[in-house]
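Below is one structure, written out as structure tokens, with a few remarks after it.
Just so it is clear, the model here is predicted, and its values are computed rather than measured. By convention in this document, chain letters (A, B, ...) are assigned in the order of the sequence lines, proteins followed by strands, and residues within each chain are numbered from 1.
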Number of protein chains: 2
Amino acid sequence: MTVASKTVSDVIHSHFGLLTRAEKQLAESLLDNYPVSGLGSITTIAENAGVSTPTVVRMVQKLGFKGYPDFQAHLHLEVEATISNPIAKHDRWAQNAPGTHILNRFADAIMGNLRQTLTDLDTATFDSVASLLSDRKRGLYFVGGRITGALAEYFFTHMQVIRPATTLLSSNSSSWPQYALNMNAGDILIIFDIRRYEQEMVSLATAARKRGAEIVVFTDQWGSPAAKLARHAFRVRIEAPSAWDSSVVTLFIVEALIEAVQNSTWDETKERMKTLEGLFEQTKLFRKPG
Amino acid sequence: MTVASKTVSDVIHSHFGLLTRAEKQLAESLLDNYPVSGLGSITTIAENAGVSTPTVVRMVQKLGFKGYPDFQAHLHLEVEATISNPIAKHDRWAQNAPGTHILNRFADAIMGNLRQTLTDLDTATFDSVASLLSDRKRGLYFVGGRITGALAEYFFTHMQVIRPATTLLSSNSSSWPQYALNMNAGDILIIFDIRRYEQEMVSLATAARKRGAEIVVFTDQWGSPAAKLARHAFRVRIEAPSAWDSSVVTLFIVEALIEAVQNSTWDETKERMKTLEGLFEQTKLFRKPG
DNA sequence: CATCCTCTGAAAAATTCTTTTCATGACACC
DNA sequence: GGTGTCATGAAAAGAATTTTTCAGAGGATG
């Protein structure tokens, strides 16, 4: 077999599973900012990847090249192809032209959403919410709708590891009143409510408010009716070239919040995570002894 | 004066009058197919231009470079500038926040992940998966782990609206064997398996394969062991300035897939969605008459 | 816990690349 | 034609890069 027709990137990917740790590290480094990162000398790229030069030699030989010079020659050809032919390989993500691949159009949209959302977002709001969520004395309740339920679950799963007293409400609204009953003053209800707002969210929010709970809402730019009852609201852009709305930026904020909370209570969290990991391991052992 | 701001091409042009015959010949050769022609060793470009290596050294020094390596380094930078990073690097995303605010750092990381993932991602893979999922004769099974379960659910919820025969496996692996039993040849198992890979995923994938199912895996750049059994694998970048991995880009691909599938079967989907919306409305009416 | 195996990088060896030196030849000017 | 200057490349010297060797680290296995 010859390496000719496939790109170096392809070859790396197809061999990725066979690579050792240091080699994977090197492959990462090469694919990062590919193919330019492979233009320098073997010494340079070894240093950039944090591995030794022999590792580079071994890997390129494993990939099927005669040696580093051979490897680099292929890379040069690709660079040439890429530069002299802008359509080749670089058509993805590049042009905004109509008819581009759905991935490109989506990427453009997401970029726009992210930028717009961050421009509108008050960092003070973000910081306040982060500090609210960091307060371990407050109970945390997560709820989402049909589509956003997954986001609520994602948030919940992480926060459950980080801190105690977290609860995920079923997306089925019939059980919500019971949860509301359990809320105490100072507890926090995190609501995900995006276009095609669920009517029951308002009832839930109202009930929670009556019990003295703080409310945080994730919604779109038009705003869930529940947002009016909220202490803090994140208005996220959700536009996508699709019949559906995009939750990507919402997830982005959720992840940033997770990190902010985790970071502000790291010492306590660390212990918790250790214990939890232990429990998971044990569960596995129980499940499949040996 | 430093060479920094001007391109190598500019420098050559501005010095062209001062060059000797052999040097002009060399300069021609370099400008022809610029800048790729300057990527090789000094020997190579000397040969290509039909001059001797000392001529090359003399010329690049005359142009103001320290030596050939210096000259080539500048060329590499230009190649990089020409090829890379279509996504503008933003110093600051959120307004009124220091560049080091977690939101800004997260935004940088996510954009890097997105860019890298799209660079590595083969659109053919994407299209193949989209067309697999569009085939309504195939049953669809979604499964995720502890953290990725939410992603599986998100994907599932949408696909359930778009097409029939979709199933979400519980994240609890004890029930997986039964699901595997139900799979038919041609069915598709969509696996989300990201760092801290779940051991049972491999068993599930193996069982599914035995039943003749196709496997699609969403994993990270290091690759779930289950990816080896998969027909198609998405290697998504998940790095974040956090103790946790980021699922944002994974969600991005999921959403793009949802749109691709929906789009390819829009007529059928439209009817389905209408009916479904009707059902949801009815449910609400039942629940809360009036 | 001993043994095997694989992976890894330090260091040496081999090779290639880069620069310098220098001899030759071309050309201009006296 | 003599002389000097400059351009040029062959070849040597010098410096790097690339490859190979090898020993130790670390992990798996019995």
Side-chain angles (χ1 to χ4, degrees), chain A residues 3 8 11-12 15-30 35-77 281 284-285 288-290, chain B residues 3 8 12 15-30 35-76 79 195-197 199 202 222-223 225 228:
Chain A
V3 194
V8 174
V11 177
I12 293 180
H15 286 71
F16 203 87
L18 302 172
L19 299 182
T20 65
R21 179 193 56 75
E23 287 169 351
K24 281 183 180 164
Q25 195 175 322
L26 169 63
E28 288 294 331
S29 168
L30 284 176
V36 182
S37 43
L39 290 182
S41 73
I42 195 173
T43 319
T44 314
I45 68 162
E47 271 177 12
N48 285 346
V51 302
S52 66
T53 56
T55 299
V56 181
V57 175
R58 278 189 292 261
M59 189 186 79
V60 298
Q61 289 179 347
K62 196 186 270 188
L63 295 181
F65 300 94
K66 258 190 78 184
Y68 185 72
D70 183 37
F71 169 80
Q72 204 170 42
H74 282 263
L75 227 40
H76 284 169
L77 287 179
E281 284 308 314
K284 276 185 187 158
L285 289 179
K288 197 181 195 173
Chain B
V3 194
V8 174
I12 293 179
H15 285 70
F16 203 85
L18 305 171
L19 299 182
T20 66
R21 179 195 53 78
E23 286 168 352
K24 280 182 179 160
Q25 193 177 324
L26 170 62
E28 291 290 349
S29 168
L30 284 176
V36 182
S37 43
L39 290 181
S41 74
I42 194 173
T43 319
T44 314
I45 69 162
E47 272 177 13
N48 285 345
V51 301
S52 67
T53 57
T55 300
V56 181
V57 175
R58 279 189 291 262
M59 189 187 78
V60 299
Q61 288 177 348
K62 195 187 272 186
L63 295 181
F65 300 95
K66 256 190 80 184
Y68 185 72
D70 183 37
F71 169 80
Q72 204 170 43
H74 282 264
L75 227 42
H76 282 170
V79 170
R195 190 143 67 174
R196 312 234 69 203
Y197 313 111
Q199 193 54 49
V202 180
W222 300 283
K228 294 195 182 68

Review point. On DNA chain D, nearest-nucleotide positions of A:Tyr68 versus B:Glu23: which is more 5'?
Key: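 Closest to the 5' end, via its nearest nucleotide, is B:Glu23.
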Any [X] side-chain nitrogen or oxygen under 4.0 Å from OP1 or OP2 of [N]:
| X | N | answer |
| --- | --- | --- |
| B:Arg21 | D:dT8 | yes |
| B:Thr55 | D:dG9 | yes |
| A:Ser41 | D:dT17 | yes |

What is the separation between atom [atom1] on [X] and atom [atom2] on [N], rounded to the nearest whole Å?
| X | N | atom1 | atom2 | answer |
| --- | --- | --- | --- | --- |
| A:Phe71 | D:dT18 | CZ | P | 11 Å |
| A:Gln72 | D:dT19 | CD | C1' | 15 Å |
| B:Asn48 | C:dC17 | CG | P | 13 Å |
| B:Lys24 | D:dA7 | NZ | P | 11 Å |
| A:Met59 | C:dT8 | CE | C1' | 15 Å |
| B:Phe65 | C:dT18 | CZ | C1' | 16 Å |
| B:Asp70 | D:dA15 | CG | C1' | 16 Å |
| B:Leu18 | D:dC6 | CG | C1' | 15 Å |

Review point. Which part of the nucleic acid does A:Gln61 contact within heavy-atom distance under 4.0 Å: base, sugar-phosphate only, or nothing?
Key: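 Sugar-phosphate, no base atom in range.
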Review point. What is the nucleic acid contact for B:Arg58, judged by heavy atoms within less than 4.0 Å: base, sugar-phosphate only, or nothing?
Key: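 Base contact.
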Closest to side chain of [X], choosing from [options]:
| X | options | result |
| --- | --- | --- |
| A:Thr53 | D:dG9, D:dT19, D:dT17 | D:dT19 |
| A:Thr43 | D:dT18, D:dT20, D:dT8 | D:dT18 |
| B:Ile42 | C:dC17, C:dG9, C:dT20 | C:dC17 |
| A:Pro69 | D:dT19, C:dC17, D:dA10 | D:dT19 |

Residue pair [X] / [Y], side-chain heavy-atom distance below 4.5 Å:
| X | Y | result |
| --- | --- | --- |
| A:Pro54 | A:Val57 | no |
| A:His74 | A:Asp70 | yes |
| B:Gln72 | B:Val60 | no |
| A:Thr53 | A:Tyr68 | no |

Check your understanding: Does NZ in A:Lys62 sit with more than 12 non-hydrogen atoms of other residues, nucleotides or ligands closer than 6.0 Å?
Key ->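 Correct, the count exceeds 12.
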Exercise for review: Using the closest heavy atom to pick a nucleotide of DNA chain C for each, name whichever of A:Pro54 or A:Lys62 lands nearer the 5' end.
Suggested key: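 Comparing both residues, the 5'-ward one is A:Lys62.
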